[in-house]
Amino acid sequence: MNSTTPKSTPLVTKCFLLSLLLSLTIFLSFSILSHQNQNPNATNPLPHKQPPSSSSSSLRIRPGYTSYESYIQRQLNKTLNPKLRKVWTTRDWTRKINVFATFFADLKHENLISANSKALCIGARVGQEVEALKRIGVSDSVGIDLVPYPPLVIRGDFHHQPFDNDTFDFEFSNVFDHALYPEKFVGEIERTLKPGGVCVLHVALSRRADKYSANDLYSVGALKALFRRSELVRVRTVDGFGLDTEVVFRKKKTVL
């Protein structure tokens with residue numbers, strides 16, 4: 001008996017250690033899998049900075065986008081929807097041009113835009129707002145969207161406008177709510193506006209926008225905070241296809 005005891009002890013110890021190692025391996029594997037299920041982006045970082053769940057109490061980024069590509073695809077799902085495009089180019093075409101022309105005529109009367117202005121419409125889809133500008137005499141006008149609609153709209157991402165610095169006298173958009181990165185959206189406007197240039201945004205404050213929106217805005221103050229190189233000119237209530245507020249900014253001629 002005494003001669004076999006010393007030989008059996010290492011075997012028992014080895015079995016115990018092997019069992020312990022196997023148990024730890026299973027436990028760690030299960031923990032990692034659970035963590036990945038709860039945080040699917042933990043081992044797959046986004047190619048772009050993850051948008052915050054809330055930029056402020058007055059401007060909130062909607063959750064649910066796993067990558068910038070998934071965000072772009074969701075926007076394209078709306079822009080390329082054949083039923084919507086048919087509506088935009090037929091039933092809505094003249095009606096929207098007339099409403100936009102009324103908005104722009106008011107701005108022209110206030111000397112915020114003129115026939116000599118070089119104008120850009122951001123997120124213009126099929127270009128009703130571009131056509132409206134041309135009809136009130138602002139002939140040098142163009143729109144950008146993820147999907148071009150020549151000759152009124154060229155391809156462009158409003159998070160990275162395809163234009164040089166200080167290009168436009170006037171920029172208009174009613175798709176601020178579709179910006180996943182509001183700071184980049186505004187930053188590109190201020191980059192491409194000439195000093196003294198005017199930006200007009202139509203936004204929704206009293207109601208939430210559609211399911212394709214990437215952010216929700218609750219106050220003009222949150223929007224004003226993004227325009228670091230511009231001054232707020234005025235705010236007024238409008239009825240713009242589900243958007244209720246018109247906000248006008250002017251880029252400062254000198255930046256301190």
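Keep in mind that what you see is a predicted model, and the values were worked out from it rather than measured.
- Taking NZ of Lys118 as the start and CD of Glu171 as the end, the distance is 11.0 Å to the nearest 0.5 Å.
- Criterion: ILVMFWY side-chain heavy atoms under 4.5 Å apart, direct or through other members. Under it, Val99 and Ile113 are part of a common hydrophobic cluster.
- Heavy atoms only, all atoms of each residue included: Ala132 and Ala101 are closest at CB-N, 3.6 Å.
- Side-chain contact between Ile122 and Gln161 is present, with heavy atoms from C-beta onward closer than 4.5 Å.
- With a 4.5 Å cut-off on side-chain heavy atoms, Asp92 and Val126 do not count as touching.
- Sorted pairs that involve residues 108-147 and meet ring pair (Phe, Tyr, Trp, His ring centres under 6.0 Å), not counting sequence neighbours, are lacking altogether.
- A continuous path of ILVMFWY side-chain contacts below 4.5 Å connects Val198 to Leu133, so both sit in one hydrophobic cluster.
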Dump the intermediate steps for ring-ring contact (aromatic ring centres under 6.0 Å, His included) on Phe104 and Phe172, then the final yes or no.
CA-CA 10 Å; Phe104 296 146; Phe172 169 80; 5.1 Å; yes
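- Here the two rings, on Tyr68 and His159, have centers that are under 6.0 Å apart.
- No side-chain heavy atom of Arg228 sits less than 4.5 Å from a side-chain heavy atom of Val186.
- Criterion: ILVMFWY side-chain heavy atoms under 4.5 Å apart, direct or through other members. Under it, Leu243 and Val130 are not part of a common hydrophobic cluster.
- To the nearest 0.5 angstrom, Tyr65 atom OH is 5.5 Å from Gln75 atom CD.
- By the 4.5 Å heavy-atom criterion applied to side chains, Asp244 and Leu205 are counted as neighbours.
- Counting heavy atoms from C-beta outward, Thr94 and Asn98 have side chains that approach closer than 4.5 Å.
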side-chain contact (heavy atoms from CB on, under 4.5 Å) between Ile72 and Glu69, worked out
CA-CA 5 Å; Ile72 291 294; Glu69 287 69 26; 5.7 Å; no
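- Residues Arg85 and Thr79 approach most closely at NH1-O, 2.7 Å, considering heavy atoms.
- Counting only residues at least two apart or on different chains, the ring pair (Phe, Tyr, Trp, His ring centres under 6.0 Å) pairs with a member in residues 214-242 are Phe100-Phe241, Phe227-Phe249.
- The backbone N or O of Tyr212 sits nowhere less than 3.5 Å from a side-chain atom of Lys78 that would complete a donor-acceptor pair.
- Counting heavy atoms from C-beta on, the side chains of Lys251 and Lys194 never come closer than 4.5 Å.
- For the pair Ser114 (side chain) and Asn116 (backbone), a donor-acceptor distance under 3.5 Å is present.
- Heavy atoms only, all atoms of each residue included: Leu223 and Leu217 are closest at N-CD1, 4.2 Å.
- In terms of the ring-ring contact (aromatic ring centres under 6.0 Å, His included) criterion, residue partners of Phe176 (sequence neighbours excluded) are, by chain and number, Phe185.
- Follow the hydrophobic side-chain contacts under 4.5 Å out from Val175 and you never reach Trp88; the two are in separate clusters.
- Between Glu129 and Asn174 the shortest heavy-atom distance is OE2-OD1, 4.0 Å.
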Kindly list each side-chain donor-acceptor pair under 3.5 angstrom involving residues 138-156, sequence neighbours excluded, with atom names and distances?
residue: Ser141; atom: OG; partner: Val138; partner atom: O; Å: 2.6
residue: Asp145; atom: OD2; partner: Ala124; partner atom: N; Å: 3.4
residue: Asp145; atom: OD2; partner: Arg125; partner atom: N; Å: 2.8

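- When only modelled atom types and interatomic distance are considered, Asp177 and Ser213 share a side-chain donor-acceptor pair under 3.5 Å.
- Between Asp157 and Lys184 there is no salt bridge, since none of the side-chain N atoms of the basic residue sits less than 4.0 Å from a carboxylate O of the acidic one.
- When all heavy atoms of Ala179 and Phe158 are compared, the pair lying nearest together is CA-CE1, 3.8 Å.
- Transitive grouping of hydrophobic side chains (ILVMFWY, heavy atoms separated by less than 4.5 Å) brings Val203 and Ile189 into a common cluster.
- Salt-bridge annotation for Glu246 and Arg236: present, with a side-chain N of the basic residue lying under 4.0 Å from a carboxylate O of the acidic one.
- Taking the side-chain hydrogen bond (donor to acceptor under 3.5 Å, both in side chains) definition, one finds that Arg135 meets it with Glu131, sequence neighbours left out.
- No more than 12 heavy atoms of other residues, nucleotides or ligands shown are found within 6.0 angstrom of CG on Asp239.
- Listed by chain and residue number, Val220, Leu232, Thr245, Val247 satisfy the side chain to side chain contact (heavy atoms under 4.5 Å, CB included) test with Val235 (two or more places apart in sequence, or in another chain).
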Could you go step by step and tell me if Asp216 and Arg60 meet the salt bridge (charged side-chain N to carboxylate O under 4.0 Å, His left out) rule?
CA-CA 5 Å; Asp216 292 303; Arg60 298 178 183 176; over 6 Å; no
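- To the nearest 0.5 Å, atoms OG (Ser58) and NZ (Lys224) are separated by 13.5 Å.
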Test log, rule side-chain contact (heavy atoms from CB on, under 4.5 Å), inputs Val87 and Lys83
CA-CA 6 Å; Val87 169; Lys83 292 182 179 180; 5.8 Å; no
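- Contact check for Val200 versus Leu107: side-chain heavy atoms found under the 4.5 Å cut-off.
- Paired with Cys199 under the rule side-chain contact (heavy atoms from CB on, under 4.5 Å), one option of Leu120, Val233, Leu193, Val248 passes, and it is Leu193.
- At least one side-chain heavy atom of Ile61 sits less than 4.5 Å from a side-chain heavy atom of Pro182.
- The shortest non-hydrogen separation linking Arg250 to Leu112 is NH2-CD2, 3.4 Å.
- For the atom pair CG (Asn165) and CD (Glu188), the distance works out to 8.5 Å, reported to the nearest 0.5 Å.
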Between Lys211 and Arg74, does the side-chain contact (heavy atoms from CB on, under 4.5 Å) criterion hold? Intermediate values first, please.
CA-CA 10 Å; Lys211 65 180 181 179; Arg74 184 168 177 79; 4.0 Å; yes
